[in-house]
Structure formats: structure tokens, C-alpha cells
Amino acid sequence: MEIVVIPVTPFAQNCSLIWDTSTMKGAFVDPGGEIEKLIKAASDNQVNIEKIILTHGHLDHVGGTVALAAHYKVPIIGPHVGDKFWLDALGQQSQMFGFPPAAPFEPNQWLNHKDSIELGELTLDVLHCPGHTPGHVALVERSSNQVIVGDIIFSGSIGRTDFPQGNHQQLIDSIKENILTLPENMVIYPGHGPTTTVGHEKATNPYVSGQWG
Ligand SMILES: [Zn+2]
Ligand SMILES: [Zn+2]
């Protein structure tokens, strides 16, 4: 799987343009906004967009979804239905985050733990990782050893849990059960900030490594 990270929105949210190099079929993961920039990235890389995939329902991750889905006439996949209340509240979220007005929407398909998403010849494995939001999912592509994690874990940090239905212990459990059990050399693409690896976070991330007790 080829991946190009495109930071969008005032929150520097990492939208991922992903594709299968053998078929050039691709998807956007978490298109938070600035869709002109995203459309240009897809055409520069000659990727045929087939899907839009969402890790969770926060506005900085989903703000460009409806416009992009209409532009490409493609389905919206994910997140888990636990985040329906966040998508229903997009109007309030735009006020809360100081973003342009956004309208609620429903994806064409909600995701569940251990679902798989086909993209050309690639398969993305879905891991349900609640805690930052109740419906948050991670997307694992095993052949290229990459995982897209949204706001579950960052390089040296983890997602906030002070939002409605956030839960710190649940997030720690999600990370330990689903992310830190992936291969140590797997590359992690977080929703904000630099990429990292499973092994690096296991050894150094103070929230989950246990090194700070
Ligand atoms: Zn978030
Ligand atoms: Zn975020």
C-alpha cells in the first residue's frame, strides 16, 4: 500500500491518501477539509478514488467527507456506529472547533471489529479501538506493514479522553490489546504529528510503555 499524508485543517489533521500500486485503486482516510488539495494529490499520483474511510467522527477528520464523496461518487465507509452521535452533532462540532458550518451525515457502511475493507488487491483489517471516541477504528494493511490510527495513539502521546463518551482506561486497553500487539516494525500513521512504529511506542510512549510506572 502506498500512502501520502496530507495535513489539513487548522488542526493539522493528517488525511491519508492510500492506494494499491498494482490497480491504482485508492481511498482517502479522514478527509478533514481542504478538499481541493486532496483532489490535486489524488490526480498528481494518478490514483482512482473508490472509497472514503473514516477512523472516527471528529470534525477535523470528517469535515471534507460529504463534498469529496459527491465529487468522486464513492461510498463513505466507517467509523464504528459508536460514533454516530458525533456525526449527528457535526453542527455543534463546527461551533465547538471554530470550523465552517458542517452538516450531519451517515456513512454508507458502519465498521465492526475484524471487518476487512478491500481496496484493489489490498485488504485493510479493521480494529475497533474505543476510548478517544466510542466508535474509533484503526486500519491495518499487513502486506506493507502499516497501520492508520487516527487519534488513538500519537508519537509519544495518546488521544484525548475528556470529550463526551471518552474513556481513558478504555483507550489504554484498546492500545495495549490492538495496537501494541501488531509487529514491532509496523509503521504507525497517527491523525496528528509524525509517523512512528509499534516498537518505538512500546518502548518509549509514557502512557503505555509502563516505563513511568
Ligand atoms: Zn479526534
Ligand atoms: Zn484529531
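Values below: every heavy atom of this structure, side chains too, minus hydrogens, waters and symmetry copies.
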Would you indicate whether the side-chain heavy atoms of [Y] and [X] approach each other to under 4.5 Å?
| X | Y | answer |
| --- | --- | --- |
| S143 | L122 | yes |
| I172 | H168 | yes |
| S144 | V187 | no |
| L182 | V147 | yes |
| L124 | S116 | no |
| V149 | Y189 | no |
| F28 | I53 | no |
| L111 | Q109 | yes |

If two hydrophobic side chains count as joined below 4.5 Å and joins carry through other members, does [X] share a cluster with [Y]?
| X | Y | value |
| --- | --- | --- |
| L180 | I148 | no |
| M186 | V208 | yes |
| V4 | I39 | yes |
| M1 | V74 | no |
| F154 | V137 | no |

I need the minimum non-hydrogen distance between [X] and [Y], along with the two atoms involved.
| X | Y | result |
| --- | --- | --- |
| P134 | G82 | CG-O, 3.3 Å |
| I153 | P190 | O-CB, 3.4 Å |
| I35 | A67 | CD1-CB, 3.6 Å |
| L87 | P79 | CD1-CD, 4.2 Å |
| Y207 | G156 | CE1-O, 4.0 Å |
| I52 | P31 | CG2-CG, 3.7 Å |

Could you tell me whether a side-chain N or O of [X] sits under 3.5 Å from a main-chain N or O of [Y], the two making a donor and an acceptor?
| X | Y | value |
| --- | --- | --- |
| D20 | G120 | no |
| N45 | A42 | no |
| N145 | N185 | yes |
| K176 | L171 | no |

How long is the gap from [atom1] on [X] to [atom2] on [Y], to the nearest 0.5 Å?
| X | Y | atom1 | atom2 | answer |
| --- | --- | --- | --- | --- |
| H80 | L127 | NE2 | CG | 12.5 Å |
| T195 | I3 | OG1 | CD1 | 9.5 Å |
| I49 | L68 | CD1 | CG | 7.5 Å |
| Q170 | D173 | CD | CG | 8.0 Å |
| S157 | H192 | OG | NE2 | 10.5 Å |
| I179 | I158 | CD1 | CD1 | 12.5 Å |

Name all pairs fulfilling the salt bridge (charged side-chain N to carboxylate O under 4.0 Å, His left out) condition that reach into [range], sequence neighbours left out, sorted by first residue then second.
| range | result |
| --- | --- |
| residues 37-46 | E34-K37, K40-D44 |
| residues 119-138 | D125-R142 |
| residues 150-160 | R160-D162 |

*Test side-chain contact (heavy atoms from CB on, under 4.5 Å) applied to L119 and I18, step by step*: CA-CA 9 Å; L119 193 64; I18 61 174; 3.8 Å; yes

*asked:* Using the rule given for side-chain contact (heavy atoms from CB on, under 4.5 Å), can you reason through I117 versus V126, listing the C-alpha separation, both sets of side-chain angles and the distance that settles it, and then say yes or no?
replied: CA-CA 8 Å; I117 304 170; V126 175; 3.9 Å; yes

*N167 and T161: side-chain contact (heavy atoms from CB on, under 4.5 Å), yes or no, with the steps?*
CA-CA 5 Å; N167 184 313; T161 52; 5.9 Å; no

Any residue meeting salt bridge (Lys or Arg N to Asp or Glu O under 4.0 Å) with [X], in chain and number order, not counting sequence neighbours:
| X | answer |
| --- | --- |
| E141 | none |
| K84 | D88, E106 |
| E177 | none |

*Would you kindly say whether N205 and H200 are connected by a side-chain donor-acceptor distance under 3.5 Å?*
no

*Who passes side chain to side chain donor-acceptor pair (under 3.5 Å) against E184, sequence neighbours left out?*
K202

*With sequence neighbours left out, what residues match Y72 under side chain to side chain donor-acceptor pair (under 3.5 Å)?*
none

_If the condition is ring pair (Phe, Tyr, Trp, His ring centres under 6.0 Å), which residues does W86 pass it with, not counting sequence neighbours?_
H58, F163

_Any residue meeting ring pair (Phe, Tyr, Trp, His ring centres under 6.0 Å) with F85, in chain and number order, not counting sequence neighbours_ = none

*asked:* Would you say the ring centers of H113 and H128 fall short of 6.0 Å from each other?
replied: no

_Summary of side-chain hydrogen bond (donor to acceptor under 3.5 Å, both in side chains) pairs that have at least one residue in residues 7-17, sequence neighbours excluded_ = Q13-H61

*T21 and E2: CA distance, side-chain angles, deciding distance, side-chain hydrogen bond (donor to acceptor under 3.5 Å, both in side chains) verdict*: CA-CA 7 Å; T21 50; E2 198 65 51; 5.8 Å; no

*S174: what forms a side chain to side chain contact (heavy atoms under 4.5 Å, CB included) with it, not counting sequence neighbours?*
C129, P130

*asked:* Show, in sequence, the C-alpha distance, side-chain angles and deciding distance for W19 and N48, and conclude whether the side-chain contact (heavy atoms from CB on, under 4.5 Å) test is met.
replied: CA-CA 8 Å; W19 70 97; N48 299 311; over 6 Å; no

